[in-house]
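Let me begin by presenting the structure, written as structure tokens, before commenting on it.
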Amino acid sequence: GEDVEQSLFLSVREGDSSVINCTYTDSSSTYLYWYKQEPGAGLQLLTYIFSNMDMKQDQRLTVLLNKKDKHLSLRIADTQTGDSAIYFCAERNTGTASKLTFGTGTRLQVTL
Amino acid sequence: NAGVMQNPRHLVRRRGQEARLRCSPMKGHSHVYWYRQLPEEGLKFMVYLQKENIIDESGMPKERFSAEFPKEGPSILRIQQVVRGDSAAYFCASSPTSTEAFFGQGTRLTVV
């Protein structure tokens, strides 16, 4: 079955870059997503990448996909205190009724 | 264009009562998904619906849980005879296609 794994915690200084990593097992994943969840809130879609791409950039966010290693990363440039949140990686396989399989989330703490 | 609307935001039920959670998808979205998030965990898929049809309910517990998405009105997730283990945040997502999914703010169910 599908499995998505993330490290639990990351701490960075304000202004530095953050890199959040994710590995997945389903080789037929078609889309991979990054969501942000602030305390007590819902999930905000940050970005997604199609499996035939290896990189996508959107302002301060860069997504890298290594399909061979089934590794996805999210880089946040110039990290700000407002970036403190839990970041979820998720994958979608269109062969499974388009449901998302989520990782357990990485809690990003930004320190001054 | 309003986002995905869920209500109530917070719901407290005594053991044995029924919980009804509502989700109004974004305008024009015909795909609705329900996910459950236990404390300190990622989101787990429960059910995928389109108007008047359950497409995939592989994540739904076999007993006490049901979901519908009628022709008119919101999608409803219904939990009968709630138990303490049902306490969680329940998120609804909607999608116009099978690519992007937009989440509501969630309903936080507490069973006392």
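Reminder, nothing fancy here: chain letters follow the sequence lines and each chain counts from 1. Below, all heavy atoms of this structure are taken into account, side chains as well, without hydrogens, waters or symmetry copies.
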Tell me which donor-acceptor pairs under 3.5 Å the side chains of residues 65-75 of chain B have, and how far apart each pair is, sequence neighbours excluded?
unit_1: S75(B); atom_1: OG; unit_2: W34(B); atom_2: NE1; d: 3.0
unit_1: S75(B); atom_1: OG; unit_2: E68(B); atom_2: O; d: 2.9

Does M60(B), at its CE atom, have more than 12 non-hydrogen atoms belonging to other residues, nucleotides or ligands within less than 6.0 Å? yes
Contacting region of Q37(A) [heavy-atom separation from chain B under 4.5 Å]: side chain
The interface call for Y35(A) against chain B, heavy-atom contacts under 4.5 Å, is side chain
Can you tell me how far apart CZ (F102(B)) and CG (L45(A)) are? Round to the nearest 0.5 Å. 6.0 Å
Under 6.0 Å from the CZ atom of R107(A), do we count more than 12 heavy atoms belonging to anything else shown? no
Mind checking what makes ring-ring contact (aromatic ring centres under 6.0 Å, His included) contact with F9(A), not counting sequence neighbours? none
Tell me if the CZ atom of R9(B) is crowded by more than 12 foreign heavy atoms within 6.0 Å. yes
By a 4.5 Å heavy-atom criterion (distance strictly below it), what part of Q6(B) contacts chain A: side chain, backbone, both, or neither? neither
Any chance CD of Q81(B) has more than 12 other-residue heavy atoms, nucleotides or ligands included, within less than 6.0 Å? no
Between Q105(B) and chain A, with a heavy-atom cut-off of 4.5 Å, which part of the residue counts as in contact: side chain, backbone, both or neither? both
Rounded to the nearest 0.5 Å, what's the gap from NZ on K44(B) to NZ on K99(A)? Could you check? 11.0 Å
Of the non-hydrogen atoms in L43(A) and F103(B), which two are nearest, and what is the gap between them? O-CB, 3.5 Å
Check against side-chain contact (heavy atoms from CB on, under 4.5 Å), L100(A) and Y35(B): CA-CA 9 Å; L100(A) 291 168; Y35(B) 291 82; 3.2 Å; yes
